[in-house]
Q: 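Dropping the structure in here first, questions after.
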Amino acid sequence: MTNLGALTPPPDESGGQNAASGNNASPDGASSANTSPTPSSTNNTAATPSPPASANGPTAPASPSQGLIGKVLEVASGQDPARGRKNAVITIAILIVIGILAAGVIFYVEYYLEDTKSQEVAERDDRNADKIDDAKKPFDWKLNEYPEEDEPGNAWVIDRKLTPAEQKELKSLGATTTADRSAVWKFVKRLGGWRFGRAAAAYKLQLTSEKTKPVTITQMSARAVNCKSDAIKTFLTLGDGGIENWDDVHFNLTTDGAPATTRAWKEKFDENGEHLGMEDIPYQKVVSLGGTQSPGFLSMTPMLDQAPDTLCEWTLSLKYNINSGKDQTVTITEDEAGIPLRATGKPGEKSDNWQGINGTWTPNTF
């Protein structure tokens, strides 16, 4: 009898266990219907395959810069970055240039705005400074009698005749030394008189300005007002001594009130150099004030030679401009103490003229 066990093929190494699974094979070798595999997922979703592992270990994530450049390469070349490098480099260069230009434009705009703002601030400050400067007076002035109060002078006038008692007192005074002149000056002041002649009748004018813009006094003129003829009754004069200084300017006033221009004395010499006296010439200088200019000082004498025994008030007009602008005028009518400016005529026939001769006072009649 043949051994059937010897005819059974050996079990397959990969699936031979199926024989022992208790499932009988079909005669034609087909598997039973119960051998169909059972799905592992209830929602029939296929499992996502895992990427192959690198031979050198895990792959590092791409840096942001590499990703940005890659995108630029793809956009610039329209193809894979490795095949469009030339076009990508050009694109990157263009982007760099555009960035530089944009930075330059931003810098220029910021600089322009800052410069414009600085100019606006400077212009505003200038306008404010101009307003402050325009509000200031064009100049300040001080006008006072030229001699100091204690300077006696050497000529005096009184607006009335001396009484017999006053004549006796005058004769008792000396007429030689400085002390004598000081005593006469006190006597005259007590009687309401004043000094007379040349610098003794002069005024000193001081001009100052706080303005930043330049102020120029281009012309000075004077005129006599409120004249009274025969107002001077007594003249007292000494032959020497007293104030000998020449004034800077003078005005030849007339009783009709006509404007008198500024004039000055100039020494006159002949061709051999011999002194011929003083020449009366126009004064053509200007007075500059404001800015960096120094204050102006002038001594000025109102002369009333054509009206003997006359007493007048007088006014001083100063024509000026600011920064070479429109001409304007300031008129001064009184001194710093508020006393009207005064001009006195020379001794005339109707006045008493006392002269100090040889140390004594003697009346002199014309």
Q: I need the single residue from D140, V215, V287 that forms a side chain to side chain contact (heavy atoms under 4.5 Å, CB included) with L207. Which is it?
A: V287
Q: Output the distance between atom CD (Q306) and atom CG (D256), rounded to the nearest 0.5 Å.
A: 11.5 Å
Q: If only side-chain N and O atoms count, and only distance matters, is there a donor-acceptor pair under 3.5 Å linking S317 with T331?
A: yes
Q: For residues L304 and C312, report the shortest heavy-atom separation together with the two atoms involved.
A: CD2-SG, 3.6 Å
Q: Check L253 against A343 and note the closest heavy-atom contact, atom names and distance.
A: CD1-CB, 3.9 Å
Q: Side chains of Y283 and Q219: closer than 4.5 Å at any heavy-atom pair?
A: no
Q: What pairs meet the side-chain hydrogen bond (donor to acceptor under 3.5 Å, both in side chains) rule with one or both residues in residues 223-236, with sequence neighbours excluded?
A: N226-E313, D230-K350
Q: Test Q355 against T362 for side chain to side chain contact (heavy atoms under 4.5 Å, CB included), laying out the working first.
A: CA-CA 6 Å; Q355 291 184 331; T362 304; 5.9 Å; no
Q: To the nearest 0.5 Å, what is the distance between OG (S351) and CZ (F235)?
A: 5.0 Å
Q: Kindly check if the number of other-residue, nucleotide or ligand heavy atoms within 6.0 Å of NZ (K136) is above 12?
A: yes
Q: Set out, in order, the CA-CA distance, both residues' side-chain angles and the distance that settles salt bridge (charged side-chain N to carboxylate O under 4.0 Å, His left out) for K204 and E148, then state yes or no.
A: CA-CA 10 Å; K204 55 184 177 181; E148 298 296 335; 3.2 Å; yes
Q: Side chain of S209, backbone of P138: donor and acceptor closer than 3.5 Å?
A: yes
Q: Is the shortest side-chain heavy-atom distance between R342 and E145 below 4.5 Å?
A: yes
Q: Under the criterion side chain to side chain contact (heavy atoms under 4.5 Å, CB included), I'd like the reasoning laid out for L205 against W141: C-alpha separation, chi angles, the key distance, then a yes or no.
A: CA-CA 7 Å; L205 175 65; W141 57 267; 4.2 Å; yes
Q: Taking N323 for the side chain and K213 for the main chain, is one N or O donor matched with an acceptor at less than 3.5 Å?
A: no
Q: Hey, could you give me the OG/CG distance between S221 and L318, rounded to the nearest 0.5 Å?
A: 8.0 Å
Q: Apply the test side chain to side chain contact (heavy atoms under 4.5 Å, CB included) to residues T237 and N154: give CA-CA distance (whole Å), side-chain angles for both, the deciding distance (0.1 Å), then the verdict.
A: CA-CA 6 Å; T237 58; N154 68 334; over 6 Å; no
Q: Verify the neighbour count for atom CD of E334: are there more than 12 heavy atoms of other residues, nucleotides or ligands below 6.0 Å?
A: yes
Q: Could you walk me through whether N358 and T360 pass side-chain hydrogen bond (donor to acceptor under 3.5 Å, both in side chains), step by step?
A: CA-CA 6 Å; N358 298 325; T360 60; over 6 Å; no
Q: Taking T262 as the fixed residue, which of D248, V249, L298 is the one that meets the side chain to side chain contact (heavy atoms under 4.5 Å, CB included) rule?
A: V249
Q: Quick one: closest heavy-atom pair of T255 and A307, and the distance?
A: CG2-CB, 3.6 Å
Q: Decide if atom CD of Q328 counts as having more than 12 heavy atoms of other residues, nucleotides or ligands within a radius under 6.0 Å.
A: yes
Q: Which residue is it: W185, W361, F196? I am looking for the one with a side chain to side chain contact (heavy atoms under 4.5 Å, CB included) to L236.
A: W361
Q: Is there a side-chain contact between L311 and D159 in this structure, where contact means two heavy atoms from C-beta onward sitting under 4.5 Å apart?
A: no
Q: Side chains of Y203 and P302: does their closest heavy-atom pair fall under 4.5 Å?
A: yes
Q: Looking at side-chain heavy atoms only, is the closest gap between L170 and S172 below 4.5 Å?
A: no
Q: Given side chain to side chain contact (heavy atoms under 4.5 Å, CB included), test L316 with M300 step by step and report yes or no.
A: CA-CA 10 Å; L316 174 65; M300 49 185 57; 3.6 Å; yes
Q: Measuring from L289:CG to I322:CD1, what's the distance to the nearest 0.5 Å?
A: 11.0 Å
Q: Given the rule that I, L, V, M, F, W and Y join up when any side-chain heavy atoms are under 4.5 Å apart, are I217 and V330 in one cluster?
A: yes
Q: Looking only at side-chain N and O atoms, does N321 offer a donor or acceptor that is under 3.5 Å from a partner on S324?
A: no
Q: Are any of the side-chain heavy atoms of F139 and Y320 separated by less than 4.5 Å?
A: yes
Q: Considering only heavy atoms from C-beta outward, does the side chain of V109 approach that of I106 to under 4.5 Å?
A: no
Q: With a sphere of 6.0 Å drawn around NZ of K189, does it hold more than 12 non-hydrogen atoms of other residues, nucleotides or ligands?
A: yes
Q: Under 4.5 Å between any side-chain heavy atoms of D327 and T329, yes or no?
A: no
Q: Walk me through it: do E151 and R195 pass the test salt bridge (charged side-chain N to carboxylate O under 4.0 Å, His left out)?
A: CA-CA 10 Å; E151 173 58 52; R195 291 166 293 196; over 6 Å; no
Q: Hey, could you give me each pair passing side-chain hydrogen bond (donor to acceptor under 3.5 Å, both in side chains) that has a residue in residues 268-282? Not counting sequence neighbours.
A: H250-D280, N252-D280, R263-D280, E267-H275
Q: Counting distance only, does the side-chain N/O of S182 pair as donor-acceptor with the main-chain N or O of D180 below 3.5 Å?
A: no
Q: Would you say T344 and W194 are linked by a side-chain donor-acceptor pair, where the criterion is simply a distance under 3.5 Å?
A: yes
Q: Is the backbone N or O of G153 less than 3.5 Å from a side-chain atom of R181, with the two atoms forming a donor-acceptor pair by type?
A: yes
Q: Using modelled atom types and a 3.5 Å cut-off, is there a donor and acceptor pairing between side-chain atoms of E166 and backbone atoms of T163?
A: yes
Q: Locate the shortest heavy-atom distance separating T208 from P295; write the atom from each residue and the value.
A: CG2-CB, 3.5 Å
Q: For the OG1 atom of T261 and the CD atom of Q284, what is their distance to the nearest 0.5 Å?
A: 10.0 Å
Q: What distance separates L173 CG from F187 CZ, expressed to the nearest 0.5 Å?
A: 7.0 Å
Q: Quick check: does any side chain N or O of Q167 sit under 3.5 Å from a backbone N or O of L162, one acting as donor and the other as acceptor?
A: yes
Q: Within the supplied structure, the quantity of interest is the number of heavy atoms (other residues, nucleotides, ligands) at a distance under 6.0 Å from K161 NZ; does it exceed 12?
A: yes
